[in-house]
K.L.:
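I am attaching a structure below and will ask some questions about it afterwards.
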Amino acid sequence: RRPAALVRNIDVSGLVDSDTGLLDRAIFTDEQLYRQELRRVFAPNWLFLAHIDQFHKPGDFFTTYIGEDPVIVTMDKDRRIRAYLNSCRHRGARVCRADEGATRNFTCTYHGWAYDLDGKLVSIPNKDGYPESFDTKDWGLVEVPHVETYRGLIFGTWNPQPSPLRDYLGDMAWYLDAMLDHDDEGTVVVGGVHKWVLEGNWKLAAEQFATDWYHVNMSHASALMVLSPTKNPKNEIVHRTGRQFLDPNGHGAGFPVHAKNRFNAQKVHEWIDYDALRERLGEARVEGPLTDGHATVFPNFSYLPVIGTIRVWHPKGPDRMEVWSWTVVDKSMPPEVREAQRLYNLRTFGPSGIFEQDDGENWSEVQAISHGFITNSVPLNYQMGIGSEREDGRHPGTTSELYSDAAGRAFYGRWRDLMNTPAWHEKETR
Ligand code: FES
Ligand code: FE
């Protein structure tokens, strides 16, 4: 454990008021709060690591992050998915510098310590030079203690005693299944992982995917028109009938429910067997979150079913995030439909996608001015839909109007509670 003097925690109760719906901008800009976030929000929670389709044989690996901690995700000899801190036990260099690949072991390029797929230190140059007390068993890679999978999505956590992933997802699983459970074959990844940097706090993106349909007609007006077959802006306005799901664990999902709000790639839309989906997932789910919508699994995993994108907002300091995006499709999709989905994702929400530009621009704009002293002290408004939260009898959990900040308030409420709660690594163990 780190000496307490090095760790200072701030009580954030006054920064997030979910009753009045006011938010202090310091939560997007303050360096100390950011460090606390890494300790209390990222380290103890389930975080998305990779898709199961990225691992087919022992030694396949993918490198990513849990918060700012670099991790290697790999398949061991028993075909188990495991994850390790990507930092050599010698002097701390990354033991794997590739984004992905296949290997028999991970050899550090600094002095040559090598680790096998179980994370064990298996060879070191000049071993004779170390004292007798040196035992390679003590110097294996630090393992992520829990890795679990939900419908092909691999999550990991540093928390030594997490609740099971399925419990953590709770009602959110019903909404996730709108993307991941179209048939028994499950989903696969098409193409590589796109990565790009945005100058904005990670919460701005995660929050928007959880709660914000209010921005769509305004921010994306031109993009909606470009996608429109009729090129008539009146036809392309997103109708505000729909619901928003909010969860005590901070997850959120919003989905218009209106016949006009279909934004599939044409080829994908034609291929989908809606009757079979209705049978499997029910009318409410097909007309709602499957047909349109976006969502966030707290804290930083988001997805858009119709676009076929899943993504992580990796925190890179209070002012910056790195977006990592995958295209995920049904395994049963024929190649030309998969390709249509991949291109559609690229055109809309890829690094140069027409919607992505609008969103990234908004977040960077908000971030760029937030450091001003006066600006930073003026609270932000999350009051829309206060009191509208209820069970609607059609969708699981608590829902609100489509245009509402309810899921945003739940997201920040959860964030506040985690920020004010010592994580396992801060508790005394005797
Ligand atoms: Fe890895 Fe020295 S830092 S072998
Ligand atoms: Fe958007």
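Indexing begins at 1, ligand by ligand and atom by atom, following the structure's order. Note that the numbering runs from 1 along the sequence shown for the chain. The analysis underlying the following values was restricted to heavy atoms, covering all of them including side chains, and did not include hydrogens, waters or symmetry mates.
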K.L.:
State whether a side-chain donor-acceptor pair under 3.5 Å links D177 with Y150.
P.N.:
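Indeed, the side chains of D177 and Y150 share at least one donor-acceptor pair under 3.5 Å.
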K.L.:
State, without any angle test, whether E207 and T296 hold a side-chain donor-acceptor pair at a distance under 3.5 Å.
P.N.:
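E207 vs T296: no donor-acceptor pair found between side chains.
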K.L.:
Looking only at the side chains, is there a donor atom on one of H251 and D171 sitting less than 3.5 Å from an acceptor on the other?
P.N.:
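On atom types as modelled, these side chains do not qualify, holding no pair under 3.5 Å.
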K.L.:
Roughly how far apart are Q54 CD and E100 CD, rounded to 0.5 Å?
P.N.:
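Spacing of CD (Q54) from CD (E100) equals 6.5 Å.
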K.L.:
How large, to 10°, is the angle at the Fe ion (ligand 2) when you draw lines to NE2 on H220 and to OD1 on D359?
P.N.:
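The two atoms subtend 90° at the Fe ion (ligand 2).
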K.L.:
Numbering the atoms of ligand 1 from 1, which are under 4.0 Å from a heavy atom of Y110?
P.N.:
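What qualifies from ligand 1 is 2 (Fe), 3 (S).
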K.L.:
Has C88 got an N/O/S atom less than 2.8 Å from atom 2 (Fe) of ligand 1?
P.N.:
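Under 2.8 Å: C88 has no N, O or S contact with atom 2 (Fe) of ligand 1.
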K.L.:
How far is atom 3 (S) of ligand 1 from its nearest protein heavy atom, and which residue and atom name does that atom have?
P.N.:
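Of the protein heavy atoms, R91 N, 3.3 Å lies nearest.
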K.L.:
Do K316 and Y65 meet the cation-pi criteria used here (NZ or CZ under 6.0 Å from the six-membered ring centre, within 45° of the axis)?
P.N.:
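Pair K316/Y65 counts as cation-pi.
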K.L.:
In ligand 1, which numbered atoms sit nearer than 4.0 Å to a non-hydrogen atom of G112?
P.N.:
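Contacts of ligand 1 toward G112, numbered from 1: 4 (S).
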K.L.:
Has C108 got an N, O or S atom lying less than 2.8 Å from atom 1 (Fe) of ligand 1?
P.N.:
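Of the N, O and S atoms in C108, at least one lies under 2.8 Å from atom 1 (Fe) of ligand 1, which means yes.
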K.L.:
How about Y115 and F106: are their ring centres within less than 6.0 Å of each other?
P.N.:
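So the answer is no for these two rings.
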K.L.:
Find all atoms of ligand 1 within a distance of less than 4.0 Å from any non-hydrogen atom belonging to H111, and give their numbers and elements.
P.N.:
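This gives 2 (Fe), 3 (S), 4 (S) as the contact atoms.
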K.L.:
Taking both backbone and side-chain atoms into account, decide whether H90 has an N/O/S atom under 2.8 Å from atom 2 (Fe) of ligand 1.
P.N.:
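Coordinating: yes.
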K.L.:
In H215, which N, O or S atom comes closest to the Fe ion (ligand 2)?
P.N.:
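Result: NE2.
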K.L.:
Can you list the atoms of ligand 1 that are under 4.0 Å from a heavy atom of W113?
P.N.:
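In order of number, 4 (S).
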K.L.:
Quick one, Y130 with W139, criterion ring-ring contact (aromatic ring centres under 6.0 Å, His included). Give me CA distance, side-chain angles, the key distance, then yes/no.
P.N.:
CA-CA 13 Å; Y130 284 84; W139 296 95; 8.9 Å; no
